[in-house]
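Report on one structure; see the data block that follows.
Chain naming here is simple, since letters A, B, ... match the order of the sequence lines and numbering starts at 1 in each.
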Number of protein chains: 2
Amino acid sequence: MQDLEELTGLLKAIADKRRLQIIDLLSYGKMCVCNVTEQLGLSQPNASHHLKILKNAGLIISTKRGRWVDYELNQEKLEHLQERLGEVISESNEEVDFIKINCDKKS
Amino acid sequence: MQDLEELTGLLKAIADKRRLQIIDLLSYGKMCVCNVTEQLGLSQPNASHHLKILKNAGLIISTKRGRWVDYELNQEKLEHLQERLGEVISESNEEVDFIKINCDKKS
DNA sequence: TAAATATATTTAAATATATTTATATAATAT
DNA sequence: ATATTATATAAATATATTTAAATATATTTA
């Protein structure tokens, strides 16, 4: 089997309505935090919090511009996430010996 | 923007190490609960619990076979999940008017 | 029918996560 | 310098999730 720690972390980062909204919003382009709070109706600290989680996961990138901080999607990382998910999900043709038709103690 | 409720639900269902392990395991083929507990070293109630969450999300399918219950991946639903995620993630070329270069109260 | 087995459900405890409120920092403008 | 603004961090609280333990249900076998 596989190392699933990293994928779990990435999925946890996006498995939240607010954070998916942020990703969806950022897919229209780079924008500052205030734009995110405004568009999604979030309080500034709440937006900051969710942005931080996405940033820690490496899924978004921040750049400072004077008083503002712009955020944008990290497409590379997002594609990586999709690929890894695909790998785990995809059916295997490999012959394995650990699948038992039953686990009856008597057999 | 989009309806992200459904996608959030699907992502929450898989954003867990144990449940990713289960999906990874089931990608080798249909198997009974006891096989899952055995392979992943989970207690039976814990395995049952995680399987239920995946099943409620529609990502796996169960079939009763005498005393046993077999589980298998629902490939259709998993592909749907991947597609929806791709839609949300993918960059948009659409011109939008809500992105402001700054949100200064004065401007 | 009674005993054994596979699985599910319920409850409680432990842990993690989200939201809010308050405060801090850093850049800009006056 | 001082005030204002954008963002971040911290603390407090509320909520959700995970795990574990106990119990229930259903099927099979003796």
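- Using a 4.0 Å cut-off, some side-chain N or O of Lys52(B) falls inside it from OP1 or OP2 of dT9(C).
- Taking the side chain to side chain contact (heavy atoms under 4.5 Å, CB included) definition, one finds that Asp16(A) meets it with Arg18(A), Arg19(A), His50(A), sequence neighbours left out.
- The salt bridge (Lys or Arg N to Asp or Glu O under 4.0 Å) contacts involving residues 28-45 of chain B comprise Lys100(A)-Glu38(B), Lys30(B)-Glu72(B), where partners must be two or more places apart or lie in separate chains.
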Each nucleotide N or O in nucleotides 11-13 of chain D that has a protein N or O under 3.5 Å away: list the pair and distance.
none

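- Residues passing the side chain to side chain contact (heavy atoms under 4.5 Å, CB included) test with Thr8(B) are Lys17(A), Leu20(A), Leu4(B), Lys12(B), sequence neighbours excluded.
- Scanning residues 53-66 of chain B for heavy-atom distances under 4.0 Å to DNA chain C yields an empty list.
- Note: Leu26(A) CG to Gln21(A) CD = 11.5 Å, rounded to the nearest 0.5 Å.
- For the pair Tyr71(A)/Val33(A), a side-chain contact is recorded, criterion being any heavy-atom separation below 4.5 Å from C-beta on.
- With sequence neighbours excluded, no residue forms a side chain to side chain donor-acceptor pair (under 3.5 Å) with Gln82(A).
- Secondary-structure stems of DNA chain D, taken as three or more successive Watson-Crick or G-U wobble pairs (i with j, i+1 with j-1) under a 3.5 Å distance threshold, comprise C:1-30 with D:1-30.
- His50(A) comes within contact range of the sugar-phosphate backbone alone, with a heavy-atom separation under 4.0 Å but no base atom that close.
- Residues forming a side chain to side chain contact (heavy atoms under 4.5 Å, CB included) with Glu76(A) (at least two apart in sequence, or on another chain): Asn74(A).
- Each of Arg67(A) and Tyr71(B) was assigned the nucleotide of DNA chain C with the nearest heavy atom; the assignment lying further toward the 5' end belongs to Tyr71(B).
- For residues 51-66 of chain B, the pairs satisfying salt bridge (Lys or Arg N to Asp or Glu O under 4.0 Å) are Arg65(B)-Asp70(B), with sequence neighbours left out.
- Judged by distance alone, the side chains of Gln75(B) and His80(B) never bring a donor and an acceptor atom under 3.5 Å apart.
- Among the nucleotides dT9(C), dT21(C), dT19(C), the one closest to the side chain of Pro45(A) is dT21(C).
- Contacts of residues 7-16 of chain B with DNA chain D (heavy atom under 4.0 Å): Lys12(B), Asp16(B).
- Nearest to the side-chain atoms of Trp68(B) among the listed nucleotides dT20(C), dT9(C), dA6(C) stands dA6(C).
- With sequence neighbours left out, Glu79(A) forms a side chain to side chain donor-acceptor pair (under 3.5 Å) with no residue at all.
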Side chains of residues 88-98 of chain A: which donor-acceptor pairs under 3.5 Å do they make with residues two or more places apart or in other chains?
residue, atom, partner, partner atom, Å
Ser90(A), OG, Gly86(A), O, 3.4
Ser90(A), OG, Glu87(A), O, 3.2
Ser92(A), OG, Glu94(A), N, 3.1

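- Of the candidates dA8(C), dT19(C), dT18(D), the closest approach to any side-chain atom of Ser48(B) belongs to dA8(C).
- Atom CD in Gln44(B) sits about 18 Å away from atom P in dT18(D), given to the nearest Å.
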